[in-house]
Asks: 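Supplied in structure tokens, the structure appears directly below.
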Protein chains: 2
Amino acid sequence: MNGSIPNIVIGRLPIYLRELQRMAEEGRHITSSLELGERLGISAAQIRKDLSQFGEFGKQGTGYSIEFLMDNICKILKVDRVWDMVVVGAGDIGSAIARYQGFTNRGFRVGYIFDIDPKIIGTKVGEFIIQDFNSLVEILRKNHIKIGMIAVPGWAAQEVADRLVEGGVSAILNYAPINLNVPSNVRLQYIDPVIHLQRMTYYL
Amino acid sequence: MNGSIPNIVIGRLPIYLRELQRMAEEGRHITSSLELGERLGISAAQIRKDLSQFGEFGKQGTGYSIEFLMDNICKILKVDRVWDMVVVGAGDIGSAIARYQGFTNRGFRVGYIFDIDPKIIGTKVGEFIIQDFNSLVEILRKNHIKIGMIAVPGWAAQEVADRLVEGGVSAILNYAPINLNVPSNVRLQYIDPVIHLQRMTYYL
DNA sequence: TAGATTGTTAATCGATTAACAATC
DNA sequence: TAGATTGTTAATCGATTAACAATC
């Protein structure tokens with residue numbers, strides 16, 4: 001038992017899991033830290049060290065059962081279930097998220113999408129009916145939803161974050177290009193394509 | 001002069017820049033490492049250390065001129081210009097990227113969007129006419145475009161990456177949920193919402 | 001000047017790697 | 001068994017922090 005596994009290790013587990021799922025799709029059953037590391041550009045030692053924080057998942061001389069390791073990483077990351085999420089903002093980005101097929105089989109599902117514009121509330125995005133932002137807190141509480149995604153303009157994002165927290169959300173994925181303040185018990189991740197692009201232009 | 005600035009430092013500069021731009025929008029002119037750090041949840045010492053890798057941008061006793069610091073970070077990151085980009089894949093995500101207003105004033109512009117589906121080639125996404133994927137390499141070369149964004153299904157992403165590289169692209173932002181292999185002189189960044197979500201569910 | 005904040009050094013802290021005994 | 005690969009330890013490497021002289 002260990003209550004202090006480094007955040008950076010947790011951050012790599014989803015990467016391992018994604019590659020393992022791909023290997024499984026390729027019909028593979030066994031891999032090794034060396035092979036997985038080569039495919040990901042990560043050292044074999046690091047992969048073994050990371051995994052050893054949680055248990056012993058391999059066999060000396062053989063390697064890892066892909067299925068067994070996937071199952072265990074899913075359990076560690078708590079994606080051995082399906083998490084319902086809400087999307088706030090039904091513009092281009094919010095709509096793309098709501099319709100995204102890639103959540104399936106990876107532990108997530110969009111439950112509701114919200115907007116504040118009366119002109120689009122009640123209309124459909126994919127199979128979802130756009131809900132009134134004013135009913136966000138109520139719907140979050142009623143459905144015990146713990147994950148919210150923010151896809152509104154920057155100037156509206158903090159207000160949305162506050163409402164998500166008020167509704168009981170404790171994990172937020174923010175697509176708005178702005179830093180948010182949330183209570184320390186709420187997890188927060190950012191997706192801002194410009195940040196990623198600027199990390200590359202330095203090297204061009 | 002220093003040819004070996006840590007990658008992790010480069011990774012923070014866009015975060016600093018984004019917050020500085022926000023301060024500027026608020027009408028602010030001066031800040032300090034302490035204030036910037038508090039707004040970002042980063043220690044003041046780290047901000048000063050990071051910036052000192054590139055020069056002396058502050059004044060003792062006063063702090064940093066927001067505009068001056070922004071200008072300098074823009075130069076360091078080479079976003080004191082506008083980079084033309086291509087988007088490959090005109091589905092929900094590709095279309096949302098092509099129409100995204102957030103690139104403006106941050107150093108980037110979408111120039112072209114491509115798809116391989118004959119049914120949508122020639123139709124419009126926002127103000128862009130969807131181009132034939134088969135003309136990607138030619139258009140990249142003709143326009144000397146260095147940045148590509150991949151918004152196609154996972155199974156098609158490696159082929160798209162190969163074509164981008166063939167056309168001379170040296171920075172790729174990949175929205176497909178798959179690891180890509182590119183030559184070592186090509187920079188690569190990933191955006192996969194599921195990876196970010198799985199980094200949070202561990203803590204829920 | 002007095003107060004404040006930088007830029008920088010040295011110390012601390014944490015993460016990665018190399019190596020190998022254990023063992024399948 | 002012989003070969004291969006794990007899990008783990010200790011060493012190395014790198015990043016963060018604390019502290020403070022310099023100076024605006």
Side-chain angles (χ1 to χ4, degrees), chain A residues 1-17 19-20 23 28-73 75-76 199 202, chain B residues 1-17 19-20 23 28-73 75-76 199 202:
Chain A
M1 142 60 228
N2 191 334
S4 60
I5 287 162
N7 196 48
I8 198 163
V9 173
I10 304 301
R12 280 191 292 262
L13 294 185
I15 307 285
Y16 300 162
L17 181 58
E19 194 63 24
L20 290 165
M23 287 179 178
R28 305 282 312 285
H29 294 285
I30 299 285
T31 188
S32 66
S33 58
L34 187 70
E35 184 191 44
L36 187 56
E38 276 174 356
R39 290 176 68 139
L40 294 174
I42 291 176
S43 81
Q46 180 160 83
I47 291 173
R48 293 201 302 277
K49 189 105 207 292
D50 285 352
L51 296 176
S52 74
Q53 303 261 16
F54 304 96
E56 306 189 355
F57 305 117
K59 275 202 181 69
Q60 283 100 326
T62 309
Y64 299 90
S65 155
I66 289 172
E67 191 188 11
F68 181 74
L69 188 52
M70 280 173 55
D71 283 353
N72 277 281
I73 296 179
K75 268 178 210 145
I76 294 163
R199 283 174 180 159
Y202 172 80
Chain B
M1 140 59 229
N2 192 331
S4 60
I5 288 162
N7 195 49
I8 198 164
V9 173
I10 303 301
R12 280 190 294 262
L13 293 186
I15 307 286
Y16 301 162
L17 181 58
E19 194 63 25
L20 290 165
M23 287 179 178
R28 307 282 311 285
H29 294 284
I30 299 285
T31 188
S32 66
S33 58
L34 188 72
E35 184 192 43
L36 188 57
E38 274 173 357
R39 290 176 69 138
L40 294 174
I42 291 177
S43 81
Q46 181 159 83
I47 290 172
R48 293 202 302 278
K49 188 104 208 292
D50 285 352
L51 296 176
S52 73
Q53 303 262 15
F54 304 97
E56 305 191 356
F57 305 117
K59 275 203 181 68
Q60 283 99 328
T62 309
Y64 300 90
S65 155
I66 290 172
E67 192 189 9
F68 181 74
L69 189 52
M70 279 172 57
D71 284 352
N72 277 280
I73 296 180
K75 269 177 211 148
I76 294 164
R199 282 174 180 157
Y202 173 79

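Quantities reported herein were computed from a predicted structural model and do not represent experimental measurements. So that the names make sense, note that chain A is the first sequence line, chain B the second, and so on, each numbered from 1.
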Asks: Quick check: closest heavy atoms across B:Ser33 and B:Ile47, and the distance to 0.1 Å?
Replies: O-CD1, 3.8 Å
Asks: May I have the distance from B:Ile8 (atom CD1) to D:dC13 (atom C1'), rounded to whole angstrom?
Replies: 14 Å
Asks: Distances under 3.5 Å only, N/O to N/O: pair up the protein atoms with those of nucleotides 6-8 of chain C.
Replies:
residue	atom	partner	partner atom	Å
C:dT6	OP1	B:Ser33	N	2.8
C:dT6	OP2	B:Ser33	OG	2.6
C:dG7	OP1	B:Phe57	N	2.9
C:dG7	OP1	B:Gly58	N	2.8
C:dG7	OP2	B:Tyr64	OH	2.7
C:dG7	O3'	B:Glu56	OE2	3.4
C:dG7	N7	B:Arg48	NE	2.8
C:dG7	O6	B:Arg48	NE	3.3
C:dG7	O6	B:Arg48	NH2	2.8

Asks: Calculate the interatomic distance between B:Ile5 atom CD1 and D:dA15 atom P; express it in whole Å.
Replies: 12 Å
Asks: Starting from P on C:dT5, measure out to CG on B:Leu36 and report it in whole angstrom.
Replies: 14 Å
Asks: Can you check the B:Gln46 CD to D:dA18 P distance for me, whole Å?
Replies: 11 Å
Asks: Pair B:Ile73, B:Phe57 - check side-chain contact (heavy atoms from CB on, under 4.5 Å), show working.
Replies: CA-CA 10 Å; B:Ile73 296 180; B:Phe57 305 117; over 6 Å; no
Asks: Any heavy-atom pair between the side chains of A:Lys49 and A:Val9 that's under 4.5 Å?
Replies: no
Asks: Set out, in order, the CA-CA distance, both residues' side-chain angles and the distance that settles side-chain contact (heavy atoms from CB on, under 4.5 Å) for A:Met70 and A:Tyr64, then state yes or no.
Replies: CA-CA 10 Å; A:Met70 280 173 55; A:Tyr64 299 90; over 6 Å; no
Asks: Can you tell me how far CG of B:Leu20 sits from CZ of B:Arg28, rounded to the nearest 0.5 angstrom?
Replies: 10.5 Å
Asks: Find the runs of at least 3 consecutive base pairs, i with j, i+1 with j-1 and so on, that include DNA chain C, using Watson-Crick or G-U wobble geometry with both distances under 3.5 Å.
Replies: C:3-24 with D:3-24
Asks: What's the CD1-P distance between A:Ile30 and C:dC24, to the nearest Å?
Replies: 15 Å
Asks: Does B:Arg199 have any side chain to side chain donor-acceptor pair (under 3.5 Å) partners at least two apart in sequence or in another chain, and if so, which?
Replies: none
Asks: Just how far, in rounded Å, is C1' of D:dT9 from CD of A:Gln53?
Replies: 14 Å
Asks: Grab the CD1-C1' distance between B:Ile47 and C:dT5 for me, whole Å please.
Replies: 13 Å
Asks: Under the criterion side-chain contact (heavy atoms from CB on, under 4.5 Å), I'd like the reasoning laid out for B:Leu69 against B:Leu51: C-alpha separation, chi angles, the key distance, then a yes or no.
Replies: CA-CA 9 Å; B:Leu69 189 52; B:Leu51 296 176; 4.1 Å; yes
Asks: Looking at every heavy atom in both A:Leu40 and A:Ile15, which two are closest together, and how far apart are they?
Replies: CD2-CG2, 3.9 Å
